[in-house]
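Every chain is numbered from 1, with letters handed out A, B, ... down the list of sequences.
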Amino acid sequence: MIDETTYTIGDLAREFGITPRAIRFYEDEGLLAPVRAGRNRIYNKRHRTRLGLILRGKRLGLSLAEIGELLGMYDGLRDSAPQLRRLLVVLAERRRALEQQREDIAAVLGEIDILERQCAEQLAENPEGAAAAHAALAARLGEGA
DNA sequence: ATTCTAACA
DNA sequence: TGTTAGAA
């Protein structure tokens with residue numbers, strides 16, 4: 001009793017909360033290979049599972065190329081040792097990238113801290129701001145004239 | 001109503 | 001990827 005459950009592109013799009021366009025795009029990138037019923041695409045459970053994995057990879061921040069490499073253009077040897085090792089490498093790279101971003105953000109937040117203090121400090125010294133300073137300067141220049 | 005291809009913002 | 005035009 002083989003499971004012949006099939007889905008249209010619209011079915012999967014709704015189920016995964018994406019647009020049919022995105023699904024066709026993944027196909028163009030070589031990540032999905034649905035069967036055709038004339039022109040229309042027909043997806044089975046295997047395709048559906050695969051689409052789920054693709055979106056899973058996207059959530060992790062992987063590129064479609066990386067996802068494709070991990071899933072393999074073909075099915076079957078998905079959990080082979082080589083694939084798992086490759087996944088570990090990709091995940092390590094991803095971790096590095098995120099940690100770098102975290103550092104960059106921390107650096108910018110630090111600069112913002114400094115600038116904020118300088119601004120507050122300046123306001124404390126001269127609450128009226130540059131306008132008052134200019135007025136004072138103009139007054140002094142007027143005295144001389 | 002849905003899906004498809006192709007092309008462009 | 002989104003959008004869109006025109007066809008199936």
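Checked by atom type and distance alone, the side chain of A:Q122 never pairs as donor or acceptor with a backbone atom of A:C119 at under 3.5 Å. Looking only at distances, no side-chain donor or acceptor of A:D113 sits under 3.5 Å from a matching main-chain atom of A:G110. Side-chain atoms of A:H47 come within 3.5 Å of backbone N or O of A:A33 as a donor-acceptor pair. Of the possible donor and acceptor atoms, none in the side chain of A:R36 sits under 3.5 Å from a partner among the backbone N and O of A:I42.
Rounded to a whole Å, the CD atom of A:E27 is 13 Å from the C1' atom of B:dT3. Across the protein-nucleic acid pair, A:R21 atom CZ and B:dA9 atom P stand 15 Å apart, rounded to whole Å. Counting to the nearest Å, the C1' atom of B:dT5 and the CZ atom of A:F25 are 16 Å from each other.
Extent of DNA chain C lying under 4.0 Å from chain A heavy atoms, first and last nucleotide in 5' to 3' order, is C:dT1 to C:dT3.
The shortest heavy-atom contact between A:I9 and A:P20 is CD1-O, 3.4 Å.
The neighbour count for A:R102 CZ, taken as heavy atoms of other residues, nucleotides or ligands under 6.0 Å away, does not exceed 12.
Nearer to the 5' terminus of DNA chain C, by closest-nucleotide assignment, is the contact made by A:L64 (compared with the other of A:L64 and A:R39).
Atoms CD and CG, from A:E121 and A:N126 in turn, are 12.5 Å apart once rounded to the nearest 0.5 Å.
Under a 4.0 Å N-O distance rule, the pair A:R94/A:E66 does not qualify as a salt bridge.
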With Watson-Crick and G-U wobble geometry limited to distances under 3.5 Å, how should the secondary structure of DNA chain C be encoded in dot-bracket form, using | for bases paired to another strand and [ ] for crossing pairs?
.|||||||
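Distances shown here put every side-chain N or O of A:R14 at or beyond 4.0 Å from the OP1 or OP2 atom of B:dT2. For the OP1/OP2 pair of B:dC4 and a distance below 4.0 Å, the side-chain nitrogens and oxygens of A:R41 include at least one atom meeting the criterion.
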